[in-house]
Amino acid sequence: GNSVTQMEGPVTLSEEAFLTINCTYTATGYPSLFWYVQYPGEGLQLLLKATKADDKGSNKGFEATYRKETTSFHLEKGSVQVSDSAVYFCALIPSYNTDKLIFGTGTRLQVFP
Amino acid sequence: GAGVSQSPSNKVTEKGKDVELRCDPISGHTALYWYRQRLGQGLEFLIYFQGNSAPDKSGLPSDRFSAERTGESVSTLTIQRTQQEDSAVYLCASSLDRWNTEAFFGQGTRLTVV
């Protein structure tokens, strides 16, 4: 089947710390991979995406590399800010002939000054 | 409007009543998704539409749940004989076309069954 597994939160960091949120996936086809973010009181929004192996998605200082060999799409940021506090969701679309978007359970990030 | 609109934003209903949740996607978006997010939990897939058809209904929790979409536009999610475990935020999203396109989410409908 198709599924996404994320590390459990909350992840608690001090400002300017390095962030990694792990995400691994299982897919029957060749998936596209996404990170969505939900800031407090707001709706989900796309943070970054990658559509094929070895692609790197990046946005707002966040990066994630599509690793087919390890079926992973870990989210990283070199220096987090308080404003990055949010819930982060890893997601996939399993293959080219479907639009079904499958999410992980989300990881809450809390950044303190 | 420019974004995905959901109504109502909040709904409190008595156990056993039926409720109808509405989603207006971004104009021209052919794919539409419904998800459920229980307090402190992740997104649970319910159903998605490609145009007016629903190729995947596998996430609907029971036969009390149904959804339809008309005119490749508005969608309604109906929950019959609501139960307390139906309390959650129901999220709708739409995307432009097939595969690897960004899904835009509405703010959700918070349903409370008392």
Side-chain angles (χ1 to χ4, degrees), chain A residues 1-10 21 23 25 27-53 55 57 59 64 66 73 86-108 110, chain B residues 1-7 9-10 23-26 29-60 69 72 88-110:
Chain A
N2 301 297
S3 65
V4 176
T5 302
Q6 289 183 238
M7 62 187 291
E8 290 193 19
I21 299 178
C23 170
Y25 67 89
T28 53
Y30 297 95
S32 288
L33 303 174
F34 305 81
W35 278 100
Y36 278 79
V37 58
Q38 186 174 30
Y39 296 104
E42 298 184 17
L44 276 84
Q45 55 189 272
L46 179 67
L47 179 60
L48 53 84
K49 69 179 185 183
T51 59
K52 61 183 187 296
D55 269 3
N59 186 25
Y66 187 144
F73 193 55
V87 182
Y88 292 81
F89 293 89
C90 187
L92 67 81
I93 291 178
S95 64
Y96 71 94
N97 60 351
T98 178
D99 293 312
K100 184 176 179 179
L101 187 58
I102 298 168
F103 284 86
T105 54
T107 302
R108 181 175 298 278
Q110 297 174 321
Chain B
V4 177
S5 177
Q6 291 187 246
S7 61
S9 56
N10 280 284
C23 173
D24 283 277
I26 294 172
H29 280 195
T30 60
L32 185 147
Y33 311 84
W34 283 99
Y35 291 87
R36 178 167 71 178
Q37 187 176 26
R38 289 189 167 123
L39 186 63
Q41 299 186 21
L43 274 72
E44 177 186 4
F45 169 78
L46 297 178
I47 189 171
Y48 96 94
F49 290 89
Q50 181 62 35
N52 292 336
S53 65
D56 191 336
K57 302 181 181 180
S58 63
L60 294 177
R69 188 180 185 194
E72 294 197 357
V89 176
Y90 289 82
L91 294 168
C92 176
S94 69
S95 64
L96 183 60
D97 57 22
R98 317 206 72 171
W99 201 50
N100 79 33
T101 56
E102 178 178 357
F104 293 83
F105 281 80
Q107 294 278 12
T109 294
R110 181 175 298 280

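Throughout, protein chains are lettered first and strands after them, A, B, ... in sequence-line order, and every chain is numbered starting at 1.
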Contacting moiety of Phe45(B), where chain A heavy atoms sit under 4.5 Å: side chain

The test is side-chain contact (heavy atoms from CB on, under 4.5 Å); show your working for Tyr48(B) and Leu101(A) and say whether it passes. CA-CA 9 Å; Tyr48(B) 96 94; Leu101(A) 187 58; over 6 Å; no

So with a 6.0 Å cut-off around CD of Glu8(A), is the heavy-atom count from everything else above 12? no

Leu43(B) versus Leu44(A): any side-chain heavy-atom pair under 4.5 Å? yes

Interatomic distance, Ile93(A) atom CD1 to Ser95(B) atom OG [nearest 0.5 angstrom]: 6.5 Å

The side chain to side chain contact (heavy atoms under 4.5 Å, CB included) partners of Lys52(A) (sequence neighbours excluded) come to Asp55(A)

Spacing of Ile102(A) atom CD1 and Tyr35(B) atom OH [to the nearest 0.5 Å]: 7.5 Å

Checking heavy atoms, do the side chain of Leu91(B), its backbone, both or neither come under 4.5 Å from chain A? side chain

If only atom types and distance count, is the side chain of Tyr36(A) paired as donor or acceptor with the main-chain N or O of Ala103(B) below 3.5 Å? yes

Results of side chain to side chain donor-acceptor pair (under 3.5 Å) for Gln37(B) - residues two or more places apart only: Gln38(A)

